[in-house]
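Some notes on the structure that comes next.
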Amino acid sequence: MNLAGSVTVADLVKNTRLDVYHGAELLADKDITTSDISRPGLALTGYFNYYPRERVQLLGKTETAYSKNMSHDERLMIFRKMCQLTTPAFVISTGLPVPNELVQAGKENGVPILGTKMTSSRILSNMTNYLEGKLAERQSVHGVLVDIYGLGVLITGDSGVGKSETALELVKRGHRLIADDRVDVYQQDEQTLVGEAPKILNHLLEIRGIGIIDVMNLFGAGAVRQDTDIDLIVHLENWTPDKQFDRLGNGEQSRKFFDVEVPEISIPVKTGRNLAIIIEAAAMNFRAESMGYDATKVFDDNLNSLIKENSAHDSHKQ
């Protein structure tokens with residue numbers, strides 16, 4: 001299990017499109033340790049018993065309207081209490097004017113003041129989603145993650161089974177690489193698992209006999225993605241005569257990461273099999289099943305119909 005990622009206020013500004021009103025020189029050194037965003041309405045009234053000073057503080061129409069009813073000295077005193085050394089930043093939403101007292105308190109305590117024209121609910125959602133993804137606990141998985149027809153397919157298997165070579169063929173066929181060799185996996189919500197490449201392996205693919213290749217450089221920006229939801233796991237196994245593999249597609253397997261179950265299928269690896277085409281077909285079949293079409297059920301229905309027809313024909317002959 002990997003530790004959660006780290007985020008600075010500079011990262012937050014860049015990825016949620018915030019404007020910097022004060023403290024641009026502080027952004028890279030201010031760490032954010034929680035995805036929770038504070039709406040400090042109680043703190044504005046002077047109640048600081050449970051003030052979450054370690055959170056990003058968001059001021060919207062309600063908070064700024066309340067502060068206008070305070071005197072200059074009251075605002076300065078309250079904002080000085082709110083601007084703690086461990087406070088990452090203040091964000092003013094909806095393009096509202098920034099109180100001068102907040103800027104002064106921010107300067108005194110080294111707290112950046114940020115702003116946006118977005119509404120409070122929109123910027124709150126954007127910041128929370130970004131921080132939850134970056135600060136979520138991560139699990140490192142040995143495998144290759146590829147976007148196939150918009151589905152995130154995690155290809156796993158023993159070392160040397162052909163995962164990277166298969167990924168290269170899939171990229172040549174127009175699909176997109178997310179990560180090779182090692183995939184960092186985290187849970188985005190109750191139903192969604194996301195995979196991405198470690199920074200050191202971003203856009204890189206290792207092919208035995210060739211070495212490291214840069215997929216984006218060779219195939220273009222359309223051949224890579226930064227991250228993707230993991231919808232299906234394809235496990236590659238060396239074929240042996242005594243190993244039983246699912247032939248009808250009615251075996252239900254899954255693998256659990258954190259609290260999310262991900263469907264899994266096993267594909268035997270044997271000389272002459274085109275794994276890239278097989279995995280493509282597996283992804284398309286999975287999508288068809290998620291839309292309500294079940295080829296195995298169609299086969300079962302056809303088989304039952306044939307059995308009934310033969311039984312009726314035999315009864316008629318008697």
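We count residues from 1, following the sequence as given.
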Return yes if some donor-acceptor pair links the side-chain N/O of T34 with the main-chain N/O of D36 below 3.5 Å, else return no.
yes

Checking R75 now: which residues fulfil side-chain hydrogen bond (donor to acceptor under 3.5 Å, both in side chains) with it, not counting sequence neighbours?
E101

Listed partners of L44 passing side-chain contact (heavy atoms from CB on, under 4.5 Å), at least two apart:
E63, Y66, I78, F79, M82

Between the side chains of S140 and R182, does any donor sit under 3.5 Å from an acceptor?
yes

Which pair of non-hydrogen atoms, one from T166 and one from G162, has the smallest distance, and what is that distance?
OG1-O, 2.7 Å

Using a 3.5 Å distance criterion without hydrogens, assess whether the side chain of D227 forms a donor-acceptor pair with backbone atoms of V194.
no

Side-chain (D189) to main-chain (T192) donor-acceptor, under 3.5 angstrom
yes

Which value, rounded to the nearest 0.5 Å, describes the distance between I178 atom CD1 and L201 atom CG?
14.0 Å

Any side-chain to backbone donor/acceptor pair from K30 onto T87? Under 3.5 Å, distance only.
yes

Tell me if the CD atom of E25 is crowded by more than 12 foreign heavy atoms within 6.0 Å.
yes

Donor-acceptor pair, T16 side chain versus L12 backbone, under 3.5 Å?
yes

Do R39 side-chain atoms and I37 backbone N/O form a donor-acceptor pair below 3.5 Å?
no

Might you point out which heavy atoms bring F258 and Y186 nearest each other, and give the distance in Å?
CE1-CA, 3.8 Å

Please say which of Q57, R55, E54 ends up in a side-chain hydrogen bond (donor to acceptor under 3.5 Å, both in side chains) with S38.
Q57

Where the side chain of R173 meets the backbone of E280, is there a donor-acceptor pair that is under 3.5 Å apart?
no

If you compare all heavy atoms of P268 against all heavy atoms of L275, which two are closest, and at what distance to 0.1 Å?
O-CD2, 4.3 Å

Applying ring pair (Phe, Tyr, Trp, His ring centres under 6.0 Å), can you list everything that pairs with Y51, at least two apart in sequence or on another chain?
F48

My understanding is that only residues two or more places apart in sequence, or in another chain, count here; which of them pass side-chain hydrogen bond (donor to acceptor under 3.5 Å, both in side chains) with Y130?
N15

Residues two or more places apart in sequence or in another chain: which of them pass side-chain hydrogen bond (donor to acceptor under 3.5 Å, both in side chains) with H235?
T156

So which of L114, V56, L26 actually passes side-chain contact (heavy atoms from CB on, under 4.5 Å) with P88?
V56

Could you tell me which residues satisfy side-chain contact (heavy atoms from CB on, under 4.5 Å) with T8, sequence neighbours excluded, listed by chain and number?
A10, D11, D31

Exam field: side chain T45 to backbone L42, donor-acceptor pair closer than 3.5 Å:
yes

Are there more than 12 heavy atoms of other residues, nucleotides or ligands under 6.0 Å from atom CD1 of I200?
no

